[in-house]
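Let me begin by presenting the structure, written as structure tokens, before commenting on it.
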Amino acid sequence: MLSKKYPIIIGFDLVNQEDEGYSLLEHAPNLLNKEIDYYFHAGETNWYGTTVDENLIDAVLLGAKRIGHGYALIKHPDIKEMVKKNDICIEVSPISNKMLKYVSDLRNHPVASLIAEDIPFVIASDDPSFFSTQPLSHDFYMTFVGISSAHSDLRFLKQLAINSIKYSGLYDKEAALKKWEMQWNRWIQIIVDQNFPKIVSPFIVPINDV
């Protein structure tokens, strides 16, 4: 694979001005049978039945590992099932979606259906400098308070963080996850010690060498 021959390469991301009618299908002949991971931008639209939302179909059929935005996914149930079956991750950017007027109230954001149906997704910031937001932090916050279930708790935020590693382009995800778990456990224990001395938090994940 290219990524093995050139370790600096982890995948290929093709981004177009979708709303001008460009389709991944136009590039399919050059993308088929290539031994590299694809991270395609697709479905960032409120329209239905256009080349923009139907880019989702092409992205899945071309074997994408992640799909940027995928906002229109809920309008394509068959593709949504394929995304879940093939464990394709959707990159969700709630603040960007709101700022660009795809949604006016985050409680109506389509990612709520992904949460309910256990479809893999990660939180992305899209253009934090343009929107004057903190990378990831503000998007995590808005996802938690504005989109997730009222029953969501620390476990939901923990899963979002785990997804960020699991669906990343890192070569050694196991080592990264282990390092993150150690930091998570320390942080949780600090919170517990400050508020509930002598109690071991149920949110801590036992790790052999901690």
Side-chain angles (χ1 to χ4, degrees), residues 10-11 13 37 39 43 64-71 73-74 80-99 103 105-128 131 133-210:
I10 65 168
D13 179 11
D37 290 340
Y39 304 84
K65 298 296 184 182
R66 288 169 60 131
I67 295 177
H69 287 286
Y71 190 86
L73 186 62
I74 61 171
K80 186 166 63 171
E81 284 301 312
M82 292 179 68
V83 164
K84 184 174 182 178
K85 178 181 178 181
N86 295 321
D87 201 31
I88 300 171
C89 181
I90 304 298
E91 299 170 5
V92 178
S93 304
I95 292 178
S96 172
N97 295 156
K98 183 171 176 59
M99 295 294 289
V103 62
D105 187 333
L106 285 177
R107 290 175 296 180
N108 297 322
H109 197 289
V111 75
S113 72
L114 305 190
I115 298 171
E117 297 180 56
D118 197 27
I119 293 174
F121 73 96
V122 295
I123 300 301
S125 293
D126 204 10
D127 301 302
F131 299 131
T133 59
Q134 291 294 323
L136 290 181
S137 296
H138 287 157
D139 284 278
F140 263 69
Y141 175 79
M142 296 306 293
T143 301
F144 184 70
V145 302
I147 302 175
S148 69
S149 167
H151 298 293
S152 296
D153 54 24
L154 195 57
R155 288 168 292 190
F156 176 76
L157 291 173
K158 179 180 178 181
Q159 188 60 56
L160 290 183
I162 291 173
N163 284 357
S164 295
I165 298 174
K166 179 180 178 181
Y167 296 102
S168 72
L170 291 171
Y171 288 114
D172 195 346
K173 296 178 185 179
E174 184 176 347
L177 184 59
K178 187 174 182 180
K179 181 178 180 179
W180 174 83
E181 286 179 337
M182 293 173 66
Q183 294 174 336
W184 171 270
N185 288 350
R186 291 192 184 104
W187 176 70
I188 290 294
Q189 195 60 61
I190 288 172
I191 301 301
V192 171
D193 290 344
Q194 290 176 345
N195 297 278
F196 309 99
K198 299 182 180 180
I199 294 179
V200 177
S201 171
F203 291 106
I204 289 182
V205 179
I207 300 178
N208 294 333
D209 57 354
V210 173

Ile115 side chain near Phe156 side chain, heavy-atom distance below 4.5 Å | yes
More than 12 heavy atoms of other residues, nucleotides or ligands under 6.0 Å from NZ of Lys179: is that the case?
-> no
Check whether any side-chain heavy atom of Phe131 sits under 4.5 Å from a side-chain heavy atom of Ser93, and report yes or no.
-> no
Lys166 versus Asp87: any side-chain heavy-atom pair under 4.5 Å?
-> yes
Do the non-hydrogen side-chain atoms of Asn97 and His69 ever get within less than 4.5 Å of each other?
-> yes
Here the pair of heavy atoms bringing Val103 nearest to Leu106 is CG1-CD2, 4.0 Å
Assess whether atom OH of Tyr141 is packed by more than 12 heavy atoms of other residues, nucleotides or ligands within 6.0 Å.
-> no
Taking atom CD of Gln183 as the centre, does the number of heavy atoms from other residues, nucleotides or ligands within less than 6.0 Å exceed 12?
-> yes
Under 3.5 Å, is there a donor-acceptor pair linking the side chains of Gln189 and Asn185?
-> no
Between Leu73 and Leu114, is any pair of side-chain heavy atoms under 4.5 Å apart?
-> yes
Could you pull out the closest heavy-atom pair between Tyr39 and Gly169, with the gap in Å?
-> OH-CA, 3.8 Å
At their closest point, which heavy atom of Phe140 faces which heavy atom of Ser164, and how far apart are they?
-> CZ-OG, 4.2 Å
Nearest heavy atoms of Ser113 and Pro110, plus distance in Å | OG-O, 2.8 Å
Would you indicate whether the side-chain heavy atoms of His109 and Val92 approach each other to under 4.5 Å?
-> yes
Where Lys173 and Ile165 come nearest, the two heavy atoms and their spacing | CD-O, 3.7 Å
Heavy atoms, side chains only, cut-off 4.5 Å: are Pro94 and Val111 in contact?
-> no
Check whether any side-chain heavy atom of Ile88 sits under 4.5 Å from a side-chain heavy atom of Tyr167, and report yes or no.
-> no
Please answer whether the main-chain N or O of Trp184 pairs with a side-chain N or O of Lys158 as donor and acceptor at a distance below 3.5 Å.
-> no
Roughly how far apart are Leu157 CG and Phe144 CZ, rounded to 0.5 Å?
-> 5.0 Å
Hey, could you give me the CD1/OG1 distance between Ile95 and Thr133, rounded to the nearest 0.5 Å?
-> 5.0 Å
Taking all non-hydrogen atoms of both residues into account, name the closest pair between Cys89 and Val122 and its distance.
-> SG-CG1, 3.5 Å
Verify whether one side chain among Asp126 and Ser96 offers a donor that lies under 3.5 Å from an acceptor in the other.
-> yes
